[in-house]
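Everything on this sheet refers to the single structure shown next.
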Number of protein chains: 2
Amino acid sequence: MDAMGRTTPPTLTGLTTYLLSRTGKAARGALAARLARRGLRLWHMAVLAALADFGPHAQRELSTRLGIDPSDVVKVVDELAAPGYVERSRDPADRRRVRVALTPSGRAALAELNDAAQEVGGAVLAPLDAREQATLHALLSRVYAGIEESSTP
Amino acid sequence: MDAMGRTTPPTLTGLTTYLLSRTGKAARGALAARLARRGLRLWHMAVLAALADFGPHAQRELSTRLGIDPSDVVKVVDELAAPGYVERSRDPADRRRVRVALTPSGRAALAELNDAAQEVGGAVLAPLDAREQATLHALLSRVYAGIEESSTP
DNA sequence: TCCCATCATGGGTGCGCACCCATCATTTGT
DNA sequence: ACAAATGATGGGTGCGCACCCATGATGGGA
């Protein structure tokens with residue numbers, strides 16, 4: 001009797017925005033679940049990645065780079081400093097600024113998080129073969145670039 | 001001086017999950033903004049679409065089809081019934097069930113929402129040409145299918 | 001030197017979303 | 001006929017995220 005099944009309405013699946021939103025949420029959720037094991041959230045990983053890729057930042061720089069509210073940066077950095085993943089130090093040149101730097105332990109943690117993320121990616125993208133995953137990544141990169149550009153004019 | 005710019009850390013952009021999560025959130029946000037103009041949220045559109053595509057549902061059916069908590073279905077339907085987009089009626093065969101049906105006004109509203117969604121899609125996917133948008137859609141469809149399947153065993 | 005801009009910090013708000021539980025009406029199975 | 005299962009409803013919770021404002025410390029320009 002459940003002939004109409006559990007199928008998602010075609011009106012929705014026909015919308016690329018809908019698919020993006022859904023798959024994105026799934027990806028986000030899976031990733032967040034992995035991070036939660038270590039008591040971290042997505043922003044924590046983003047901050048660690050920024051520090052690893054670009055070296056130490058003042059908190060304000062983290063804010064503009066990642067698009068987080070400066071006020072929230074404080075809290076995220078707090079939570080990263082507690083387990084010793086990052087270190088705060090005052091910038092001697094400009095003593096208002098707090099320089100945030102990655103510790104070795106933070107770098108190691110990031111590596112693990114990255115592995116976890118790769119795993120999650122593998123699971124989510126399982127229906128696609130390697131070639132297709134690559135094209136998906138390429139297309140998404142361009143869409144992402146477009147978004148970044150339009151949000152930071 | 002801001003030589004390191006506002007670039008997103010490559011460690012993140014290298015992760016397809018991250019790109020999915022971000023672009024998905026952007027898509028979701030843009031869509032939600034459009035719906036908000038009419039005082040609706042994403043679930044409202046999903047329910048309207050389900051009714052349009054598959055005809056009237058009992059609320060429980062909406063719950064299982066869309067993966068919303070039964071308790072939340074009640075509230076969403078409440079909000080759709082207020083402007084007269086849907087109508088509730090007791091199923092005469094099983095008087096526990098409440099049959100939810102789309103009204104003409106609801107169908108019209110859905111059409112408008114659908115147009116809005118297409119617009120949003122066009123904006124988000126602007127960096128891609130038509131052919132690329134099509135392949136992106138196809139790839140995402142398969143990923144989405146994989147997700148649905150693994151979440152409903 | 002003084003005023004204003006900048007930065008970090010802490011505290012608080014509101015929204016959306018996912019969940020859970022208790023209750024009541026009704027149907028189904030025994 | 002009665003107990004158990006099902007469906008709808010209302011009320012409440014917690015989390016993540018995005019914001020906003022006030023305060024105190026510091027730096028830089030008039």
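Values below: every heavy atom of this structure, side chains too, minus hydrogens, waters and symmetry copies. Throughout, protein chains are lettered first and strands after them, A, B, ... in sequence-line order, and every chain is numbered starting at 1.
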Please list, chain by chain and in numerical order, all residues satisfying side-chain hydrogen bond (donor to acceptor under 3.5 Å, both in side chains) with Asn114(A), sequence neighbours excluded. none
Asp72(A) CG - dC21(D) P separation (whole Å): 14 Å
Under 3.5 Å, is there a donor-acceptor pair between the His57(A) and Arg65(A) side chains? yes
base_contact_polar (dC17(C) base, Asp69(B) side chain, donor-acceptor, <3.5 Å): no
Ala49(A) to Thr11(B) - nearest heavy-atom pair and separation: CB-CB, 4.0 Å
In whole Å, what is the span from the CD atom of Glu61(A) to the P atom of dA8(C)? 8 Å
Between Val74(B) and Arg28(A), which residue's closest nucleotide on DNA chain D lies nearer the 5′ terminus? Val74(B)
Establish, with yes or no, whether the OP1 or OP2 oxygen of dT9(C) is under 4.0 angstrom from a side-chain nitrogen or oxygen of Arg88(A). yes
Considering only heavy atoms and no angle criterion, is a donor-acceptor pair shorter than 3.5 Å present between the side chain of Ser71(A) and the base of dC19(D)? no
Under the side chain to side chain donor-acceptor pair (under 3.5 Å) criterion, do Gln59(A) and Arg99(A) qualify, and how do the steps go? CA-CA 7 Å; Gln59(A) 292 187 180; Arg99(A) 202 183 86 128; over 6 Å; no
Confirm from the modelled atom types if Lys75(B) and dG16(C) form a donor-acceptor pair under 3.5 Å, side chain to base only. no
Find every protein N or O atom lying less than 3.5 Å from an N or O atom of nucleotides 27-30 of chain C, and list the pairs.
residue : atom : partner  : partner atom : Å
dT27(C) : OP1  : Arg95(B) : N            : 3.1
dT27(C) : O4'  : Arg96(B) : NE           : 3.4

Do any side-chain nitrogens or oxygens of Trp43(A) fall under 4.0 Å of OP1 or OP2 in dA18(D)? yes
Pick base, sugar-phosphate or nothing for Asp78(A), based on heavy-atom distances below 4.0 Å to the nucleic acid. sugar-phosphate
